Amino acid sequence: MSKLFRYYGELCATHPWEVIVAVLTLTACFLTVEKQVIPVTQKEPPCVGGCLEEQFHAADMVLMTVIRCLAIMYSYHQFRNLQNLGSKYILGIAGLFVVFSSFVFTSTLLSFLHIDLVDLKDAMFFFLLLIDLSKAATLAQFALTASSTEDISKQIARGVSVLGPTLTLDTLVETLVIGVGTLSGVKRLEMLSYFASLSVIVNYVIFMTFYPACLSLLLELGRISNFYGEKQQFIRKKLLEENDKSNPAVQRVKLIMSFGLLVVHLHSRWGVNDEFQESINNLKESVNCSDDTSFYGFMMKQFVLGADHIVILILLLTLMIKFIFFEPKEQLKEQLEQDVLIELKKDIQSKRSHIRTTSINAESQTEGLRLEFLDFEDGTSDKDTDVSRSLQSCLEIYRTDSGASQLSDKEIMMLVDTKHIPAYNLEKAVQNPERGVKIRRKMIENQIKQSVFHTMPYKDYDYSKVMGTCCENVVGYVPIPLGVAGPLLLDDQFYYIPMATTEGCLVASTNRGCRALEKTGVKSTIVADGMTRGPVVRFPCITKASEVVIWIKKSENFAKVKEQFDSTSRFAKLSKISPHIAGRYLFIRFMAETGDAMGMNMISKGAEKALLYLQTIFNEMEILSLSGNVCTDKKAAAINWIEGRGKSVVCEALVPANIVQSVLKTTTHALIDLNISKNMVGSAMAGSIGGFNAHAANIVTAVYIATGQDAAQNVASSNCITIMEPSGDKGEDLLISCTMPSLEIGTVGGGTILPAQSSCLELLGVKGPHMANPGDNAKQLARIVCGAVLAGELSLMAALASGQLVNSHLRFNRSYSEKEATSSKLTDRSMSCQT
């Protein structure tokens, strides 16, 4: 049953809007159903004046006042218990929500069944006695142990699986026990019993449907997660232990009781439907008193304030003020710390024989334990204790379901040192990525005997997206300044370019280039798209290798290889195979489109499948490596410059002469002359491959880091040739173009899934895959990068042509300029003294 309730709870928690709307819709339907008048065969004599007063006697008023006060005190006691479980505001709101919603839905159901209450005030206080807020608080506490917003629905489902079976049985027993009151023959008791039975059933339905959905929605919208911090594992364990304490014998007794009570109800109800309907009609008629005064009398009865009501109101207001303003706020923290201390003390006592006592006398043990408890009271540590258990004891705990999460930091470090926990697997072992990072930092500092990580942040980072995807052996994260250049007018649309860099003036320079292009804009086009992978294979002789080259070049054979390659992915589409022979070695360069992903993993998978197919045809082929460096990945290579890799992009812009002069502070002739001398002749003299530009790598790398690309691929991605030509009637306008044949880029996978990098992609409007046309987002990002490079090239070349480069760096790099200014003053003063 727990599994079924878990699936059910997960359904409610993961679809909160649907559940809430469904319940509210059903409630609205109940309220809007047209009431039908039930004919009454026997009417009691109409009440005469004073019928309302005759229903109340002094003894009855005293008894009901005591019951109401007890109901309020009982509710207050339950809310006090909520404080011991968590935030009194969050759990208090949860409890009030259950009470309010259950009462509203119960009243709605009574209205639908055309059953009027004898006294709404009395029913309300009986209702408070029936509601058990501990179950609502426990489910809310399960939700609060979630480590992230994505984990909230799972923890709610877990709570429903734990509470569901017991709550179902308790509801059945309560309904049958309270239902006995409907057989008493006393009208007022029968009506209250009907109300109580319906309340129990409705409260159960609300708790199992409406409450989990609203709880999930409340915590997710409030972004409440990891509420208990490092104590959440202890809280989860405690919740599960409380559930395990339930006595099976009690559950069996409840089942037997339920069966017996069910027999009693069936026997009592059998054949008395007419009498039951008549009693209901009589009750309805007695409430109405008379046709003329029913509504007025009923409403006056509900809202009239007597002495008993004043007493209850004063009690209620006093308790509310005390609970909200005078309850201790740190009670939860103290209670948790006391519970942890008690558990630790029990564990130390039970494992006392295993504690290492070499060179430690009894006095030092007592002192160490005292200091450890003081650490807990100060809140400085709850895992990293001075008292360590033996290796064998730690291994026994580690091999349980709770794993290393129940061990101290020093004990975990001991297991790492003894090779029982791999250092790279710390996050998984302790089931808490942040704690795993903290322990790894301590281990490294212990090994080098130096504190080096004190200025490196590691807290409050979503490591779940990093582990197994972006980085291993994590010790923190390195914040890099993020600037924005723009807006850049590209293909008639404005873009703000995110650039992560530590180089001064880079963003400012690119921003100036964007400003020079804001009127005429940049035009871009994708001329080729294809990621490459070049495996190396070997044959017994050059004859066999050459046979494969000839075989691959035939179109029908290419189609066969393409079929094998394309079968590995929905997006991988093989477009070209280029064989390159060197003796008996054969390098087969596969080129394929890869959708919105950069595509290295995708194309590697396809290349492997194609190679295995070729091996079935050419049995003597020996596969040496999936990458043979003809790809070519992350290395300067002419093949990428000539044949392209990734996205091949060309951008072009026309800059009017007045903009060149007013914004760039130079002339078209000076820019063209400098471009030939520097970017063409200078790069040729250096023997550059793809480096016929001023600083394309600057912009490429900054945008790559900001958007989660593989920064090492700036080697090939920065291949760029910048061409400047005169334009216009007089040749005073500037026509500039940047051609980048090998932009290796993507919008899915790798670092693009990280929150900050994902935000930068969203800023550019290219986050994730393109739903309609896979690959369009990655192509658009490549256009943006090339356009930003053009803006950066324009600005830097203008700075060089006008001699502004050094001055701008001195102006923007203030620390450097201040030192230079100070040094200059000292030099001048020294020379003056010498003179």
Side-chain angles (χ1 to χ4, degrees), residues 147-148 226 409 416 422-428 430 432-485 496-510 598 600 633-634 695 697-715 717-718 744-764 767 781 785 788 792 809 812-816:
S147 57
S148 62
N226 202 18
D409 291 354
V416 174
Y424 63 83
N425 209 26
L426 272 171
E427 292 84 358
K428 184 177 180 182
V430 299
N432 185 333
E434 188 172 293
R435 187 186 173 207
V437 171
K438 181 184 74 171
I439 295 173
R440 184 178 293 111
R441 289 158 65 104
K442 288 182 179 179
M443 293 179 62
I444 294 175
E445 289 182 335
N446 290 342
Q447 290 176 2
I448 65 175
K449 295 180 175 55
Q450 185 179 355
S451 178
V452 295
F453 293 124
H454 57 280
T455 58
M456 180 183 293
Y458 76 96
K459 293 185 177 181
D460 304 321
Y461 191 82
D462 188 3
Y463 291 104
S464 63
K465 297 183 182 300
V466 176
M467 303 306 170
T469 304
C470 297
C471 190
E472 300 77 34
N473 288 333
V474 179
V475 293
Y477 55 91
V478 179
I480 300 178
L482 178 70
V484 174
Y496 284 94
I497 315 298
M499 302 175 67
T501 181
T502 57
E503 179 180 347
C505 295
L506 178 59
V507 177
S509 176
T510 308
M598 186 270 290
M600 286 303 302
D633 190 38
K634 301 174 184 175
H695 70 147
N698 254 336
I699 290 86
V700 170
T701 306
V703 178
Y704 269 30
I705 294 174
T707 57
Q709 310 300 315
D710 190 339
Q713 288 184 322
N714 75 333
V715 177
S717 296
S718 299
E744 301 153 332
I745 204 165
T747 59
V748 297
T752 63
I753 65 173
L754 299 178
Q757 289 81 342
S758 180
S759 298
C760 291
L761 289 172
E762 193 169 7
L763 172 66
L764 296 172
K767 177 183 176 181
L781 181 58
V785 171
H809 275 275
F812 282 96
N813 295 341
R814 293 181 179 177
S815 60
Y816 177 76

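Values in this document were obtained by computation on a predicted structure and should not be read as measured data. For this chain, numbers begin at 1 and follow the sequence in order.
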| query | Step by step, would you call Val466 with Tyr461 a side chain to side chain contact (heavy atoms under 4.5 Å, CB included)? | reply | CA-CA 10 Å; Val466 176; Tyr461 191 82; 3.7 Å; yes
Side-chain heavy-atom pair [X], [Y] within 4.5 angstrom cut-off:
{"X": "Lys767", "Y": "Ser758", "value": "yes"}
{"X": "Asn432", "Y": "Tyr463", "value": "no"}
{"X": "Arg435", "Y": "Asp409", "value": "yes"}
{"X": "Met598", "Y": "Thr752", "value": "no"}

Could you grab the distance from atom [atom1] of [X] to atom [atom2] of [Y], nearest 0.5 Å is fine?
{"X": "Met499", "Y": "Ile705", "atom1": "CE", "atom2": "CD1", "answer": "10.5 Å"}
{"X": "Ile753", "Y": "Leu761", "atom1": "CD1", "atom2": "CG", "answer": "11.5 Å"}
{"X": "Met443", "Y": "Asn473", "atom1": "CE", "atom2": "CG", "answer": "10.0 Å"}
{"X": "Ile745", "Y": "Thr707", "atom1": "CD1", "atom2": "OG1", "answer": "5.5 Å"}
{"X": "Gln757", "Y": "Leu482", "atom1": "CD", "atom2": "CG", "answer": "9.5 Å"}
{"X": "Asn698", "Y": "Asn714", "atom1": "CG", "atom2": "CG", "answer": "10.0 Å"}

Side chain [X], main chain [Y], donor-acceptor under 3.5 Å:
{"X": "Ser509", "Y": "Leu506", "value": "no"}
{"X": "Tyr477", "Y": "Lys459", "value": "yes"}
{"X": "Arg441", "Y": "Val475", "value": "yes"}
{"X": "Gln713", "Y": "Asp633", "value": "no"}
{"X": "Glu472", "Y": "Tyr424", "value": "no"}

Locate the shortest heavy-atom distance separating [X] from [Y]; write the atom from each residue and the value.
{"X": "Ala702", "Y": "Thr501", "result": "CB-CB, 4.3 Å"}
{"X": "Gly792", "Y": "Ile699", "result": "CA-CD1, 4.0 Å"}
{"X": "Val700", "Y": "Ser717", "result": "CG1-CB, 4.0 Å"}
{"X": "Asp460", "Y": "Glu434", "result": "N-OE1, 3.0 Å"}
{"X": "Pro498", "Y": "Ala706", "result": "O-CB, 3.7 Å"}

| task | Please test Met467 against Val474 for side chain to side chain contact (heavy atoms under 4.5 Å, CB included), starting from the C-alpha separation and ending with a verdict. | result | CA-CA 9 Å; Met467 303 306 170; Val474 179; 4.3 Å; yes
| Under a 4.0 Å N-O cut-off, is there an ion pair linking Lys634 with Glu744? |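 Looking at Lys634 and Glu744, the cut-off is not met.
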| task | Under the side chain to side chain contact (heavy atoms under 4.5 Å, CB included) rule, what do Asp710 and Met600 come out as? Steps first, then yes or no, please. | result | CA-CA 11 Å; Asp710 190 339; Met600 286 303 302; over 6 Å; no
